Number of protein chains: 2
Amino acid sequence: MNNSGSPQETVPPVEGVAGGGTAYGWDDGSLQDQSLLRGVIDPSRVPSFELVHVWCMPSTANVGPQETPRPLEPVSLLAGRNERESIQIAIRPKVSWSGSSNAGVVQIQCTDLCSTSGDRLVIGQSVTLRRVVPILGVPDALVPIDMPVSQINLLPGETTAIWVSIDVPSTQPPGQYDGEFIVTATKTDAECAAQFHDKSEKYQVYRELRNCLDVIEQIDGKPVDEVVERAKSATTTLRRVLLSPSFSDFFSENGPLDMMDEDANLSIRVKLSLTVWDFVLPTTPSLPAVIGISDTVIEDRFGVEHGTAEWYDALELHFKWLLQYKISPYFCKWGNSMRVLTYTSPWPADHPKSDEFFSDPRLAAYAVPYSPVVPCGDLAKDYLQKEVEILRSKGHWKKAYFYLWDEPLNMQQYDAIRRQASDIHAYAPDARVLTTYYSGPSDAPLAPNNFEAFLKVPGFLRPHTQIYCTSEWVIGNREDLVKDIIAEIKPENNEEWWTYVCMGPSDPHPNWHLGMRGTQHRAVMWRVWKEGGTGFLYWGANCYEKATVASAEIKFRRGLPPGDGVLFYPGEVFSSSREPVASLRLERLLSGLQDIEYLKLYSSRYGRDEGLAILEKTGMYLGPERYTMDHNPIDMMRGEIFRTCRP
Amino acid sequence: MNNSGSPQETVPPVEGVAGGGTAYGWDDGSLQDQSLLRGVIDPSRVPSFELVHVWCMPSTANVGPQETPRPLEPVSLLAGRNERESIQIAIRPKVSWSGSSNAGVVQIQCTDLCSTSGDRLVIGQSVTLRRVVPILGVPDALVPIDMPVSQINLLPGETTAIWVSIDVPSTQPPGQYDGEFIVTATKTDAECAAQFHDKSEKYQVYRELRNCLDVIEQIDGKPVDEVVERAKSATTTLRRVLLSPSFSDFFSENGPLDMMDEDANLSIRVKLSLTVWDFVLPTTPSLPAVIGISDTVIEDRFGVEHGTAEWYDALELHFKWLLQYKISPYFCKWGNSMRVLTYTSPWPADHPKSDEFFSDPRLAAYAVPYSPVVPCGDLAKDYLQKEVEILRSKGHWKKAYFYLWDEPLNMQQYDAIRRQASDIHAYAPDARVLTTYYSGPSDAPLAPNNFEAFLKVPGFLRPHTQIYCTSEWVIGNREDLVKDIIAEIKPENNEEWWTYVCMGPSDPHPNWHLGMRGTQHRAVMWRVWKEGGTGFLYWGANCYEKATVASAEIKFRRGLPPGDGVLFYPGEVFSSSREPVASLRLERLLSGLQDIEYLKLYSSRYGRDEGLAILEKTGMYLGPERYTMDHNPIDMMRGEIFRTCRP
């Protein structure tokens, strides 16, 4: 410092708060021990918490690349038996330690969750890890990663999330299960020299070994001196190869290293604690949620021709995969004017596979096709009669329904439903016909205004429909209209009221569009339970745009809100796996269905009014425009039911 | 098909337009030859255009991950000599062909650009490639990649952009230069089996070879039978290793494969054509654009202590790197009340390095510090006198200016400027003092309203300031106010009017905030030229938040719009390189300065009115709220000047 003049004018000023753009320096201190972070950073010598932020987020959070770090706190979850509970672990680099274009690589690992009595929830079976991948920039696809250990590339300035799901088997002993999710900043494989540096280095090794082989393979009948000479030459070559840098990570002065020697002390350990309680969620979901799967999309994308063996295989794969989400899939093929052919089993009713599908206790409802799915040579009328007669004789017939037309809009379409329903009821008076609608026929108004006309549809369609399935869009935020809808339904005639969402309702109402909040996705089912519908329909889970290659980019259909009609993706888009990739929204559908089981348990003990009161008391769901944006009320609701209903 | 009943009711309907969600099928046909795309895709057998979209975008486009594909058209560019012209090549996977978590890997390659007379623009020197990396989700950082060949990971459903810049040397012969940018879908290194599948596979090879060595290395003195036996055993082991999948890519029925066999016919080739014309952009930019570099930020981030050898090195690196952008850097350290110590050279005036810095013909202006940057033991007053006396004797003295205070707001601050300026002018009556301001002193209003008071600042500060540097924010969209500002300036007294942008003006006015349009970034300089200022100041190019590790994540300062005060990033954040990483916005600053040279050339021929008319005629820039959003008018302006001004 110079020591003359007015200090105000001559001391070089220090850039501080409010100097040179606002508030320089506020973020200092997040990096603790800087000596290890100077120059080239060696992640095997630096505690990982110096290199990455790790924190937990609830399953209702949409954790995108811009998510900012929070303090790391242990995870404490509650789950019943036969329930899936999920949490997200977010990871973001504090610094870059890789020489390549990413910030660095972390190894992530999850242990089994163990109880003190030795019971386990095994990683890879009951505990699964998936990476959250953005679709149109919004976190949505859950792409499986290797378990129990995987490596993840982190990008500078971007947050990556890992979706951890725990599926508690029905037979799991209740208790507290503890485990760890471990994050370790690491060198990339290439940097570890686990890999050859490049192809030419490997080729070099290959050539040396080939020469070695040439030298020793032709020794038969050679003089002993030459044999020894050749063996010595081969020895020299082999020793050179083994001591080359290619294999340097396997030897040291004390002999070969233990290749699994990782310094676990540097890792970040996230404690996972799960309380499994003695509530077994029903195998057959209490609320049938029937979800459409377009067979046309499967045929186009996977190149399977309708009716071939591969086609049946593809449909079966989808059916079985979707059952884990406690939904009841139906396949569908759309016709003109929204006529739709729907079927839960692609096989005829007398095929053993149909019995297998329909009997699955996880299936709550199945669609019976009105006409043959695969041309079989039978007369169509005979077909229907035969199918219905077979199915009526089965125990699973109570799950059957016929879904003939999507949203009839005029008299011609309503008449078509009446005709088909008459055919069905002629063979099976107790058959359930499901009709989706949001209005009466436009060309023959049932009432002076739209809502009144909508209300009169049951009277107009009776007895040709048993399941009146109405759009939530009609209700808007007028929950009070629900009682008017229900007043038109005759449960004594085995009539039911179901609902559906599709393009509408839109934000802020609950729906499954991409970009909506996580609680908004989950609230679709809260709404159903509060309004009192006894089933739910969603038009499509795989209705993305046409493509004829399995791994082709997913595009949403023009004219639909992003994500509408798409709840999962083909695995081939993200990896070499054929297994479908779930969306966050599908997971939240499942969570919502599980919430219904909690609410139903509570209501069975304390009455439906108390069940409704708990929604209000916790602030979880008060109406289609008044539900929690935050996860806490969900945990409060579940915790309260655990507290009050446990044995 | 069954052949009975009404066909309308019994033929399975076909999902078509308007069925099952709107417009299924509209996107069909983008994939041509599907037979090669069934099952596992081998990119070495499929034309790359089946696997990826490649298209070009102008340098003013912000090409983010959601950018949708366009038709591929050849690139045709125009550039003067000593000019940089840039274009972006966008790449997006149509399908996934990688087994891992990305969609696939493409090899990108750029050739030299050659003229028919054999002149070249050499890749890696005149032609450079950088990857566009999002910052806060917005494309901004330009991270260098390997040249001439590099591999890029593509993510499913995401567009990646490569920024191609061509720097035309001053001595480059005019003419047309042609080259190619080549994109080839490829297997990853791992899939090429250039790598072992994993560490354990490599360990397996290592162990087998060690066993082999054990078998043959101790043969001395062994009976001949045993020697032969051991050699045979080693032969078997070696053969097994060599035939293992680890080395499968090196053998075939016809012996080892040529490892460099790439089928170039499968690539996508983008034609790059550049017309170099006989206009040499001046080495010294016509408009001095002085840009602040916080020395404090450099000191903190790179851990260099003020005044040490490493500190001088770090500053020199920044100075020299920034000169390529045709700007005139000054280092700065902020004090309280926006007092600022600014200096273009960290060395004293008599140091040879100062002469080197100030004499650089690319530098248009340099800041002289009022007090010592590094304490040197001299008295402060002596210091100033000595420095000024040395500098006044130099040819580069005409570039010198003193920037003492940022945006004085009250009488005390205005008085401080007057005092310091008096000191300076005592030693050098011709010294230029620069003052930034957007208002008069708040505690002694110069006029009844703010704008009138602002206008009176020159009269108030004279003769203590020569460069009146005003915020563009003051003008807003009232271009007509410019004449009032200029009327207060006395060019006959060597007074100048400069402008600056910082937090304001905000959208839709031109500025360099992240998230603004590309033409909005470039228009900052169009505005300067149209308004007639003779210089420009920007407060900070590296003023991100404090960190003490070079590779720490970049965070913008709280309270500032994203990107404000940050025009480049530390290279360490993105790779192991120490070279700073430019933002798109810095490139657009350069392009804007180059546009000024075109407009100046044109005006020198046809007069300033015609120069203003060309802005209007092409629709490029009509005012701070009326400028092109599209790139075309820029090419029209440049093309018109080329057409009318070429020899």
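Atom set for the values below is all heavy atoms of this structure, side chains included, hydrogens, waters and symmetry mates excluded. In what follows, chains carry the letters A, B, and so on, assigned in the order in which the sequence lines appear, proteins first and then strands, with residues in each chain numbered from 1. This structure is a prediction, so every number in the text was calculated from the model and none was measured.
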request  = Could you tell me which portion of Pro65(B) (side chain, backbone, both or neither) has an atom closer than 4.5 angstrom to a non-hydrogen atom of chain A?
outcome  = neither
task = May I have the step-by-step check of side-chain contact (heavy atoms from CB on, under 4.5 Å) for Val95(A) and Glu553(B), ending in yes or no?
result = CA-CA 5 Å; Val95(A) 302; Glu553(B) 181 186 348; over 6 Å; no
Distance, nearest 0.5 Å, that separates CG of Leu209(B) from CZ of Arg239(A) = 13.5 Å
request  = Go through the atoms of Arg92(B) and report whether side chain, backbone, both or neither lie under 4.5 Å from a heavy atom of chain A.
outcome  = side chain
note = Most heavy-atom pairs under 4.5 Å with chain B, out of Asp300(A), Val215(A), Ile135(A), Val133(A), belong to Asp300(A)
Inter-residue atom distance Phe574(B).CZ - Ser96(A).OG, 0.5 Å rounding = 7.5 Å
key: Engaged part of Lys222(B) at the chain A interface, taking heavy atoms whose separation is under 4.5 Å   = neither
note = Honestly, the part of Glu572(B) sitting under 4.5 Å from a heavy atom of chain A is backbone
query = So which part of Ala231(B) gets closer than 4.5 Å to some heavy atom of chain A, the side chain, the backbone, both or neither?
reply = both
remark   = So, the part of Ile554(B) with a heavy atom under 4.5 Å from chain A: the answer is neither
For chain B, the option from Thr237(A), Leu238(A), Ile41(A), Asp564(A) that forms the most heavy-atom pairs under 4.5 Å = Leu238(A)
request  = Find the one option among Val143(A), Leu136(A), Val228(A) whose heavy-atom pairs under 4.5 Å with chain B are most numerous.
outcome  = Leu136(A)
Results of side chain to side chain contact (heavy atoms under 4.5 Å, CB included) for Asn102(B) - residues two or more places apart only = Ser98(B), Ser100(B), Val105(B), Asn153(B), Leu155(B)
message = Within the structure provided, determine whether Val40(B) and Ser576(A) are in side-chain contact (heavy-atom separation under 4.5 Å).
response = no
ask   = So what's closer than 4.5 Å to chain A heavy atoms on Ile145(B): side chain, backbone, both or neither?
value = neither
